[in-house]
**Q** 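Have a look at this one.
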Amino acid sequence: MKLLRAVLLFAVLFGAGYLYAAVRLFPAAEDPTDVDFTEIPDLTGVSLAEAGERLSALGLVSAEQGRLHHGEIPAGAVVAQRPLPGQLARAGDTVVLTASAGIETRRVPDLAGLPGGEAATLLTRLGFEIDIEETDESAVAGAIRTEPAAGTSLPLPARVRLFVSQGKAIVSVPDLQGRHVDDLELLLEEVDLRLGAVRYQVEAPEVQGRVIFQSPAPGSALRGEGLVSVIVAGTPPDSATADLTRDAARDTVPATPGDREGQVEG
């Protein structure tokens with residue numbers, strides 16, 4: 001009988017000790033269903049200040065991270081958020097907000113003189129959409145101008161028209177020596193060239209009004225609409241400039257037989 005009582009007492013004490021240890025040392029885990037979750041609102045287009053107030057009222061914390069250019073959302077308003085709208089968060093969780101930096105603008109660069117392909121590539125890299133239009137505005141191949149003009153600031157996306165010249169054909173310079181000065185413009189126009197500077201050598205023994213020197217030389221390769229300059233024997237039409245023209249000619253015209261004054265010194 002005493003043994004039975006002792007066994008029962010031991011069982012009662014052991015059970016009480018186990019129950020105490022289980023409660024004190026191994027408390028029951030929280031039931032996740034007891035936690036309150038909040039649905040994150042869509043804050044797109046809302047100012048950062050207002051977005052912070054809305055999140056705070058829901059027990060959430062806001063944090064700003066970076067800025068992105070946007071063509072429609074004004075600067076300072078929310079353009080992106082993490083977590084996304086509609087997801088659930090617990091009280092104290094942080095919602096990261098990215099603000100708009102406003103519309104991105106680019107300045108149209110000055111491309112005059114660049115090769116057409118290089119100019120087009122540069123515009124594309126700057127974010128412009130381009131239309132290329134060929135033009136004969138210049139005898140030199142390459143970019144001529146843009147519309148809008150260089151230096152104009154445009155909001156992206158924007159379209160720029162690039163005018164590109166294919167350049168004039170290469171032609172052979174005709175021989176003008178001995179030809180009369182009055183015929184030169186017509187002769188050069190026939191090969192798509194133009195008359196450049198016309199100077200006179202008063203003391204030249206050749207027939208008056210005839211070409212005694214030209215630059216570039218006959219047979220030279222010259223791009224269309226290029227200039228050909230000449231020196232003509234005799235006095236210029238405007239006699240008031242005869243002395244000045246004579247001095248200038250001595251510096252450029254090679255000496256002719258019997259005309260020692262026409263030699264270039266040194």
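Keep in mind that this is a model prediction, so the values were computed, not measured.
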**Q** Under the rule for side chain to side chain contact (heavy atoms under 4.5 Å, CB included), what residues qualify as partners of Thr146, not counting sequence neighbours?
**A**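 Listed in chain order: Val108, Leu111, Val160, Leu162.
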**Q** If you group Ile, Leu, Val, Met, Phe, Trp and Tyr whenever their side-chain heavy atoms sit less than 4.5 Å apart, what else falls in with Val61?
**A**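 Same cluster as Val61: nobody, lone residue.
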**Q** Just by modelled atom types, is the Leu154 backbone N or O under 3.5 Å from a matching donor or acceptor in the Arg106 side chain?
**A**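 No.
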**Q** Mind listing the side-chain donor-acceptor pairs of residues 169-193 below 3.5 Å, one per line with the distance, residues two or more places apart or on another chain?
**A**
| residue | atom | partner | partner atom | Å |
| --- | --- | --- | --- | --- |
| Asp175 | OD1 | Gln177 | N | 3.1 |
| His180 | ND1 | Asp182 | N | 3.0 |

**Q** Among Ile, Leu, Val, Met, Phe, Trp and Tyr joined by side-chain contacts under 4.5 Å, find the other residues sharing a cluster with Ile103 and list them by chain and number.
**A** none
**Q** Where is the tightest heavy-atom contact between Pro157 and Glu129, given as atom of each residue plus distance?
**A** CB-OE2, 4.3 Å
**Q** Would you mind writing out the side-chain donor-acceptor pairs for residues 118-126 within the sub-3.5 Å range, not counting sequence neighbours?
**A**
| residue | atom | partner | partner atom | Å |
| --- | --- | --- | --- | --- |
| Thr121 | OG1 | Gly117 | O | 3.0 |
| Thr124 | OG1 | Ala120 | O | 3.0 |

**Q** Applying side chain to side chain contact (heavy atoms under 4.5 Å, CB included), can you list everything that pairs with Pro83, at least two apart in sequence or on another chain?
**A**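 Expected list: Ile40, Gln87, Val95.
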**Q** Sequence neighbours excluded, which residues qualify as side chain to side chain contact (heavy atoms under 4.5 Å, CB included) partners of Leu88?
**A**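 Leu88 satisfies side chain to side chain contact (heavy atoms under 4.5 Å, CB included) with Phe37, Glu39 once adjacent residues are dropped.
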**Q** Residues in side chain to side chain contact (heavy atoms under 4.5 Å, CB included) with Gln166, at least two apart?
**A** Glu134, Val164
**Q** Look only at the side chain of Ser229 and the backbone of Ala197, and say whether a donor-acceptor pair between them is shorter than 3.5 Å.
**A** yes
**Q** So, using salt bridge (charged side-chain N to carboxylate O under 4.0 Å, His left out) as the criterion, who are the partners of Arg194 when residues are at least two apart?
**A**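 Residues passing salt bridge (charged side-chain N to carboxylate O under 4.0 Å, His left out) with Arg194: none at all.
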**Q** If you group Ile, Leu, Val, Met, Phe, Trp and Tyr whenever their side-chain heavy atoms sit less than 4.5 Å apart, what else falls in with Leu68?
**A**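 So far as hydrophobic clustering goes, Leu68 is joined with Ile73, Val79.
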**Q** In a table with atom names and distances, give each donor-acceptor pair under 3.5 Å that connects a side chain of residues 42-51 to protein atoms at least two apart or in another chain.
**A**
| residue | atom | partner | partner atom | Å |
| --- | --- | --- | --- | --- |
| Asp42 | OD1 | Thr44 | N | 3.1 |
| Asp42 | OD1 | Thr44 | OG1 | 2.9 |
| Ser47 | OG | Glu50 | N | 3.3 |
| Glu50 | OE2 | Arg54 | NE | 3.3 |
| Glu50 | OE2 | Arg54 | NH2 | 2.7 |

**Q** Residues in side chain to side chain donor-acceptor pair (under 3.5 Å) with Arg145, at least two apart?
**A**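 Listed in chain order: Glu137, Glu147.
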